[in-house]
Amino acid sequence: MSAAAESLALAGATEAADRRRRIVAIVGASSGNLVEWYDFYAYAFTSIYFAAAFFPSGDTTSQLLATAGIFAVGFFMRPLGGWLFGWIADTHGRRISMIISVLMMCAGSLMIALMPTHATIGTAAPVLLLLARMTQGLSVGGEYGTAATYMSEVASKGHRGFYSSFQYVTLIGGQLLALLVLAVLQALLTTDELKAWGWRIPFVIGALAAVVAMYLRRSLAETASEETMHNKEAGSVIGLVRRHPRAVLIVLAFTMGGSLYFYTFTTYMQKYLVNTANMAATTVTFVMTTALIVFMLLQPAFGALSDWIGRKTNMILFSGLGMLAAVPLLILIGQVSSPYTAFILVLLTLMIASFYTSISGVVKAELFPPQVRALGVGLSYAIANAMFGGTAEYVALWLKSAGQEQWFFWYVAGMVAITFAASLIMPDTRKYGYLEGTGHIER
């Protein structure tokens, strides 16, 4: 073999090895992300069965409001988690931050799985449920920013949209897994059995899966350099706000509309189709499971699209279409009677969401330099996500109980309009945004 041929073969082998290394890293980071979001969604999807066990008084809507309130409290722990785990990731490394976060999620799930009900320990039961949700909220608050940062840093330049889309593949996968577990339980158990003890099973599964994810994450390579971790700005909230206010505001605006839209058409849609469209719970589970499978498979394609047309164009398409379509689509879904029509309408909303969800992490990570990247993404996202994503279900149910359900539709459209405005003024970050160590946007 000639020297030139040997050189080409070596280059090819090196490139293949590098690609395998990146894929292994993405899988390792994604495994924990899947578990984190499975556990978080398991609560949302099974609450319809355990609500009466922790809040026995009142009608079904008031019980769901109480569990939705605790769901929202979990979101309000996210800013603290975003700050804590962002600081750990920027000053001690992305890997250790991701390991700690998945262990905390394991603890929260195990608490819920073993928790006594109101009939056994009285008012202490909802208090303990609240504590478990706070633990999970702290964990998920740290997971998003660190995972987004890690996956954007480990991906190869020019393909970051594609690789980073797997953050939402696993996020949706966690939601989908929670739905599939629920579907199996609904097939195997009666409604009375699900309300008595069957709702605990998803949380046991989540706790065990978190232990597996922890071991997978222990083998990940660190992407933060020693220089980055020892930078005087690393992990500093004051430095973040003072030196990168525009990036912080853009992430806040993206998350306000993006999270509210996402949670409206995923987690809340399960209850909306039951309570407003009056569809059977088992039928709704089938509709949402099928729609989420397609939604999950769309993420890499939309992420790759952003590598071609730019993150800014993706964001403009999401926010523009979402702003215009939110109200009419919610009205139509609320009046639907056929599960096939419901599937088509829900899938249409999720296709619009895919312009955002596929690049949700990377478009934010690209706005910050490495020394504050995990903190900048995690904290800014967590604040807006808690205020608008975490309260989506509660606001929707409250307005429904007040007889003003359509006000929620306009609320969603209004928040997405703010995202649209931010999308118009954001820099084009498809070239990864900040150069290492310079703090300047690549053009």
Side-chain angles (χ1 to χ4, degrees), residues 25 28-40 73-109 132-154 164 167-168 170-171 174 210 213-214 216-218 220-225 228-231 233-241 244 247-248 251-252 255 259 360-362 364-365 367-387 389-390:
S30 298
S31 65
N33 198 45
L34 185 145
V35 171
E36 293 261 5
W37 291 99
Y38 162 81
D39 285 340
F40 211 74
V73 169
F75 274 81
F76 280 102
M77 289 300 294
R78 290 188 178 194
L80 179 58
W83 165 76
L84 176 62
F85 287 97
W87 175 80
I88 293 172
D90 286 334
T91 58
H92 294 82
R94 323 305 193 202
R95 186 176 70 93
I96 187 65
S97 179
M98 290 191 291
I99 289 174
I100 296 173
S101 71
V102 81
L103 285 176
M104 287 190 67
M105 181 56 74
C106 175
S109 291
R133 290 298 298 162
M134 290 173 68
T135 302
Q136 289 186 319
L138 189 70
S139 171
V140 174
E143 173 69 19
Y144 180 90
T146 307
T149 295
Y150 184 84
M151 295 176 79
S152 66
E153 289 174 344
V154 81
S164 296
Q167 180 174 20
Y168 254 81
T170 51
L171 189 156
M214 184 271 293
L216 290 175
R217 285 188 163 184
R218 288 178 61 187
L220 295 179
E222 181 57 59
T223 57
S225 66
T228 294
M229 289 188 286
H230 291 93
N231 187 292
E233 191 181 332
S236 169
V237 175
I238 295 175
L240 173 70
V241 175
H244 311 284
V248 169
V251 173
L252 287 172
T255 308
S259 289
S360 172
V362 68
K364 297 164 188 172
L367 294 168
F368 297 97
Q371 64 269 22
V372 291
R373 186 168 291 146
L375 178 65
V377 176
L379 181 59
S380 304
Y381 165 83
I383 291 172
N385 190 249
M387 294 176 65

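What you see is a predicted model; the values in this text were computed from it and never measured. Computed over heavy atoms, backbone and side chain alike; hydrogens, waters and symmetry mates excluded. One is the number of the first residue; the rest follow in order along the sequence.
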Practice item. Give a yes or no on whether M387 atom CE has more than 12 heavy-atom contacts from other residues, nucleotides or ligands under 6.0 Å away. Key: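 Atom CE in M387 is not packed in, count stays at 12 or less.
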
Check your understanding: Does the side chain of R133 reach to within under 4.5 Å of the side chain of Q136, using non-hydrogen atoms?
Key ->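 Side chain of R133 against side chain of Q136, heavy atoms only: contact under 4.5 Å found.
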
Could you give the distance from [atom1] ([X]) to [atom2] ([Y]), rounded to the nearest 0.5 Å?
| X | Y | atom1 | atom2 | result |
| --- | --- | --- | --- | --- |
| M104 | M134 | CE | CE | 10.0 Å |
| I100 | I88 | CD1 | CD1 | 4.5 Å |
| L216 | I99 | CG | CD1 | 10.5 Å |
| M77 | L80 | CE | CG | 5.0 Å |

Please report the closest heavy-atom contact between [X] and [Y], naming both atoms and the distance.
| X | Y | answer |
| --- | --- | --- |
| A213 | V35 | CB-CG2, 4.0 Å |
| L375 | V237 | CD2-N, 3.8 Å |
| P79 | L379 | O-CD1, 3.3 Å |
| V251 | Y381 | CG1-N, 3.8 Å |
| R78 | G137 | CG-O, 3.5 Å |
| A148 | A365 | O-CB, 4.3 Å |

Exercise for review: Would you please test M105 and V140 for side chain to side chain contact (heavy atoms under 4.5 Å, CB included) and show each step?
Suggested key: CA-CA 8 Å; M105 181 56 74; V140 174; 3.0 Å; yes

Name each donor-acceptor pair under 3.5 Å that joins a side chain in residues 91-98 to protein atoms two or more places apart or in another chain, with its distance.
{"from": "T91", "atom 1": "OG1", "to": "W87", "atom 2": "O", "distance (Å)": "2.5"}
{"from": "R94", "atom 1": "NE", "to": "E153", "atom 2": "OE1", "distance (Å)": "3.2"}
{"from": "R94", "atom 1": "NH1", "to": "A89", "atom 2": "O", "distance (Å)": "3.1"}
{"from": "R94", "atom 1": "NH1", "to": "D90", "atom 2": "OD1", "distance (Å)": "2.7"}
{"from": "R94", "atom 1": "NH2", "to": "E153", "atom 2": "OE2", "distance (Å)": "2.8"}
{"from": "R94", "atom 1": "NH2", "to": "P370", "atom 2": "O", "distance (Å)": "3.2"}
{"from": "R95", "atom 1": "NH1", "to": "R218", "atom 2": "O", "distance (Å)": "2.8"}
{"from": "S97", "atom 1": "OG", "to": "F85", "atom 2": "O", "distance (Å)": "3.1"}
{"from": "S97", "atom 1": "OG", "to": "T146", "atom 2": "OG1", "distance (Å)": "3.2"}

**Study point:** Polar side-chain atom of S139 near backbone of T135 as donor-acceptor pair, under 3.5 Å
**Key:** no

Check your understanding: Hey, does the side chain of S152 reach the backbone of T149 with a donor-acceptor pair shorter than 3.5 angstrom?
Key ->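 Yes; at least one donor-acceptor contact below 3.5 Å.
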
Exercise for review: Tell me, with the steps shown, if H244 and S380 meet side chain to side chain contact (heavy atoms under 4.5 Å, CB included).
Suggested key: CA-CA 11 Å; H244 311 284; S380 304; over 6 Å; no

**Study point:** No-hydrogen, no-angle side-chain donor-acceptor test under 3.5 Å, S360 and Y144
**Key:** yes

